[in-house]
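Each remark here refers to the structure printed beneath this line.
Residue numbers start at 1 and run along the sequence shown. What you see below is based on every heavy atom in this structure, not just the backbone, and it leaves out hydrogens, waters and symmetry mates.
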Amino acid sequence: MSDTPEQRDRTLVSHDGRILLMSCKQFVDEIVMGDACFVCGVSPRDKPFNDEHIIPRWVLRRFGLFDKQITLPTGERRHYRGYRVPCCVACNSLLGDKVETPISQLLDGDYQAVMRRLDEPTLRLLFIWLALLFFKIHLKDRSVRLHKDPRIGPEVVGDAYDWGDMHHLHAIVRSPYTKASLLPGVIGSLRIYEITGELTQDAWDYLDFSYDQTMVVRVGRVGIVATLNDSTAGESAWSDRLDVIDGPISELQLREIGAMFALANRDLIDRPVFSTLIYDKAFAMITCQRPPLKLKDFAPEAFGEVLLFAVRNYVEARAITVDNSRDPEKVAAAIATGYVRFLTFNGEFIRPKIFREGAS
């Protein structure tokens, strides 16, 4: 849930002129529907812009993606290098200095190196980076046409999103600019795993469940699963299954965890309430009121639908075997029942084949 109704209708500015709390209306009108800088809110008519790469430049450099293409929700393909959202020069530099550079350093190297660097401040920064990545991708959908033929209609992919529900997410994204503190409960479910196996040759991978604010990111041999607005409900709901994982996991298993988190967030009965508090027009704090964990009864078909969405590209590529078959229709039908698992069997962790660099 987004900020309280009173906060959603107010914009509060600091003594030095920064928007510490952007009202929901201003957020929708000027950021989502307009062309203002998504960080500070300035118009491109008032300050120079150079726009922000949605997939950060350090990722494009590290994995050689500048001349490769990303597939959009409509199936349209665009070059990574031109995949950007409106951002002023100053805020682009700020995000580079405060977020992208330290995250590129955190996620450099193997899983063990990353985990050695991880502490409470870097975990918080990682969560902000994930929120930033998710938000930019969905903001860009405001310019992605739903129909290739404009005669069919002018709709865009972003028309389907509840932008009011992303108001809180936007506050997190802007926190390097507002210097807002993230208080306990604001950080959602977040797990990091070592990835082994080679279903694909891609060292960079991204998947999200838009309406569940859940994402799966792979950076080399590091896999990350996060839900941005559940206040750790997913981790709590699936703790028994997550706790049996005691080694590297496969890409397929990483996506199953993403499906687990997404379903848990979807099934929450009482949602956390997030608020942005401003003190003396100078200090901002993002807070959370977290209710007791209550979920709808588990429905296998609902899980099957989410899991199939998560692994659909592997199914279509005939990379998954279920009941001794790789036929996409048969595999998809089996997964849709909700009884197929790649992560565990009879409560035990399924250890994937270990991939070693240089092995044939």
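- Contacts of Arg312 classified as salt bridge (charged side-chain N to carboxylate O under 4.0 Å, His left out), with partners at least two apart in sequence or in another chain: none.
- Annotation: salt bridge (charged side-chain N to carboxylate O under 4.0 Å, His left out) contacts of Asp29 (sequence neighbours excluded): Lys25.
- Between the side chain of His170 and the backbone N or O of Phe135 there is no donor-acceptor pair closer than 3.5 Å.
- Here Glu52 pairs with Lys136 in a salt bridge; the nearest charged N to carboxylate O distance falls below 4.0 Å.
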Considering only distance and modelled atom types, tabulate donor-acceptor pairs under 3.5 Å from the side chains of residues 241-248, sequence neighbours left out.
unit_1: Asp246; atom_1: OD1; unit_2: Arg351; atom_2: NH1; d: 2.9
unit_1: Asp246; atom_1: OD1; unit_2: Arg351; atom_2: NH2; d: 2.8
unit_1: Asp246; atom_1: OD2; unit_2: Arg351; atom_2: NH2; d: 2.8

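- Residues forming a side-chain hydrogen bond (donor to acceptor under 3.5 Å, both in side chains) with Glu256 (at least two apart in sequence, or on another chain): none.
- Between His53 and Phe66, the ring planes are perpendicular. Angles over 60° get that label, and only those under 30° would be called parallel.
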Which atom pairs, donor and acceptor, lie under 3.5 Å between side-chain atoms of residues 329-338 and protein residues at least two apart or in another chain?
unit_1: Thr337; atom_1: OG1; unit_2: Ala334; atom_2: O; d: 2.6
unit_1: Thr337; atom_1: OG1; unit_2: Tyr339; atom_2: N; d: 3.3

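- Listed by chain and residue number, Ser14, Arg18 satisfy the side chain to side chain contact (heavy atoms under 4.5 Å, CB included) test with Asp16 (two or more places apart in sequence, or in another chain).
- For Phe127 against Leu182, the heavy-atom pair with the smallest separation is CD2-CD2, 4.3 Å.
- Considering only residues two or more places apart in sequence or on other chains, Ala131 meets the side chain to side chain contact (heavy atoms under 4.5 Å, CB included) condition with Leu169, Ile172, Val173, Leu228.
- Listed by chain and number, the residues in a side chain to side chain contact (heavy atoms under 4.5 Å, CB included) with Ala264 are Ala237, Trp238 (sequence neighbours excluded).
- Within 6.0 Å of the CG atom in Asp280, the count of heavy atoms belonging to other residues, nucleotides or ligands exceeds 12.
- Using cut-offs of 30° and 60° on the angle between ring planes, the pair Phe303 and Phe298 is tilted.
- Other residues sharing the hydrophobic cluster of Leu268, ordered by chain and number and joined by side-chain separations under 4.5 Å: Leu293, Leu295.
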N/O donor to acceptor pairs below 3.5 angstrom from side-chain atoms of residues 34-46, sequence neighbours left out:
unit_1: Asp35; atom_1: OD1; unit_2: Arg45; atom_2: NH2; d: 3.2
unit_1: Asp35; atom_1: OD2; unit_2: Arg45; atom_2: NH1; d: 3.3
unit_1: Ser43; atom_1: OG; unit_2: Arg45; atom_2: N; d: 3.1
unit_1: Ser43; atom_1: OG; unit_2: Arg45; atom_2: NE; d: 3.2
unit_1: Ser43; atom_1: OG; unit_2: Arg45; atom_2: NH2; d: 3.2

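- Looking at residues two or more places apart in sequence or on another chain, you find a side chain to side chain contact (heavy atoms under 4.5 Å, CB included) between Ala113 and Asp110, Arg116, Arg117.
- For the side-chain contact (heavy atoms from CB on, under 4.5 Å) test with Glu155, the passing option among Asp159, Ile152, Val157 is Asp159; the others fail.
- For Thr232 and Arg290, the side-chain atoms include at least one donor-acceptor pair closer than 3.5 Å.
- In this structure, the ring pair (Phe, Tyr, Trp, His ring centres under 6.0 Å) partners of His138, at least two apart in sequence or on a different chain, are Phe134, Tyr161.
- For CD of Glu305, the number of neighbouring non-hydrogen atoms (other residues, nucleotides, ligands) closer than 6.0 Å is 12 at most.
- A salt bridge is defined here as a Lys NZ or Arg NE, NH1 or NH2 lying under 4.0 Å from an Asp or Glu carboxylate O, and Glu251 with Arg218 meets this definition.
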